[in-house]
Amino acid sequence: MPIKQTISSGLVPVKIYTDDVETSALQQLTELGQLDIVYGHVAAMPDVHTGIGSTVGAVIPTRGAIIPAAVGVDIGCGMNAVRLSLDADQLPDSLRLIRAAIESAVPVGFSAHDQPVLRSGELKHLGRGLDRIFARHPQLKRMQRNADRLWAQQLGSLGGGNHFIEICLDESNHVWVMLHSGSRGVGNAIGRYFIDLARKDMSRQQTRLPHRDLAYLKEGSEHFDDYVEAVHWAQDYALTNRREMLRLILEAITPHLPSFQCTNEAINCHHNYVAIEQHGGQSLYITRKGAIRAGLDELGIIPGSMGARSFIVRGKGNPDSWSSCAHGAGRRMSRTEARRRFDRADLEQQTAGVECRKDKGVVDEIPGAYKDIDTVMANQSDLVEIVHTLKQVVCVKG
């Protein structure tokens with residue numbers, strides 16, 4: 001489907017790939033279009049919805065500056081997926097042991113490992129990078145309790161909210177492992193710290209902004225280079241976190257399954273991040289806030305909710321979307337509203353056939369709180385083609 005609507009009330013237009021946008025999200029997108037650092041146009045993906053700091057599902061190209069709140073606090077949050085050499089009929093009749101094995105191997109919520117699981121050489125390499133950042137910004141180090149060791153112990157852990165681990169089946173009944181997580185507490189601290197610095201910079205410079213969350217750091221300013229270093233460190237940390245989780249999951253499920261191998265269809269991609277990219281001969285900072293890169297022939301992952309289908313996709317490199325696509329179904333309602341509308345019985349009904357938590361603690365993640373993933377996919381046929389369709393049979397929530 002082509003672009004559904006365009007907002008032209010700012011300095012640059014906003015191109016939107018859906019008609020299903022709440023008023024508050026439209027207001028956020030309009031404010032993005034009023035920034036003089038934005039180049040060309042803002043693109044809003046078909047899963048777009050109101051976010052904290054900036055609209056979720058927004059792709060923001062900027063020249064000479066980055067908006068830390070648009071990158072957000074879950075820096076490098078994204079997906080990892082791999083296909084196994086197993087079919088559905090090779091899974092046990094009861095998947096409860098599989099779920100329990102994963103939950104035992106991977107800490108969830110605020111939990112962390114007792115000891116780091118990453119090889120010492122890689123741990124030291126990550127640690128040196130973080131030490132350089134902490135040395136210039138001791139206040140950032142103080143924002144994290146036990147900062148010297150917590151970040152290392154949280155590598156290979158899931159977190160909470162909408163983060164998940166799933167065992168899925170594709171259209172040919174092949175087994176996949178898929179997970180969603182980010183840069184954990186250290187990424188959150190980096191995000192909050194530099195968002196605050198950007199706001200202070202704008203205040204000192206008396207820069208007028210359509211919203212305080214759109215404060216930016218400009219190239220050559222006091223904190224710009226440090227933010228670029230810190231945000232890329234957090235993005236590398238998130239990639240490593242997902243890789244280590246996948247390793248732990250595969251080790252945990254191996255005793256409960258026939259012998260298997262991983263195929264070469266493995267994907268590890270961000271959907272909350274910033275990158276320097278070339279578009280139309282311009283070198284731009286592309287911030288994807290709840291969107292994935294969908295360059296020509298690049299593979300990506302678009303998950304549904306914990307009861308809906310997910311998709312492995314191949315990008316079409318569409319320039320109108322800055323070679324991007326949706327990162328998931330997108331929330332239809334807030335967590336508070338979901339808890340008000342739905343109860344445990346609704347959750348059990350909407351996750352029928354999935355081995356997962358079905359208690360009130362995850363009601364805010366109920367499929368009914370999300371947009372219809374099939375509609376999202378139909379609205380981005382110009383951006384990606386579907387390679388595999390996945391349906392979960394096990395889901396571990398944070």
Legend entry - Ala43 versus Trp322, closest heavy-atom pair with distance: CB-CD1, 4.0 Å
Inset, instruction - Search all heavy atoms of Lys397 against all heavy atoms of Leu158 and return the closest pair with its distance. - result: C-CD2, 4.1 Å
Legend entry - Partner set under side-chain hydrogen bond (donor to acceptor under 3.5 Å, both in side chains) for Asn188, not counting sequence neighbours: Arg192
Legend entry - Sidechain N-carboxylate O distance under 4.0 Å for Asp201, Arg204: yes
Inset, instruction - Could you tell me whether Asp20 and Arg332 make a salt bridge, using a distance below 4.0 angstrom between a side-chain N and a carboxylate O? - result: yes
Legend entry - Ion pair Glu277/Arg288, N-O distance below 4.0 Å: yes
Legend entry - Which atom of Met202 lies closest to which atom of Leu209, heavy atoms considered: CG-CD1, 3.7 Å
Legend entry - Lys/Arg-Asp/Glu bridge criterion (N-O < 4.0 Å) met for Glu365, Arg357: no
Legend entry - Side-chain donor-acceptor pair present, Gln392, Ser310, cut-off under 3.5 Å: no
Inset, instruction - Please determine, by modelled atom types, if His223 and Arg136 share a side-chain donor-acceptor pair under 3.5 angstrom. - result: no
Inset, instruction - Kindly check if the number of other-residue, nucleotide or ligand heavy atoms within 6.0 Å of CD1 (Ile52) is above 12? - result: no
Legend entry - Thr287 and Ile67, any side-chain heavy atoms less than 4.5 Å apart: no
Legend entry - Shared hydrophobic cluster for Met333 and Tyr370 (ILVMFWY, side-chain gaps under 4.5 Å): no
Inset, instruction - Decide, yes or no, whether a salt bridge links Asp47 with Lys371 under the criterion of side-chain N to carboxylate O below 4.0 Å. - result: no
Inset, instruction - Take Tyr285 and Tyr227, measure what ring-ring contact (aromatic ring centres under 6.0 Å, His included) needs, and give me the verdict at the end. - result: CA-CA 13 Å; Tyr285 295 103; Tyr227 177 65; 9.8 Å; no
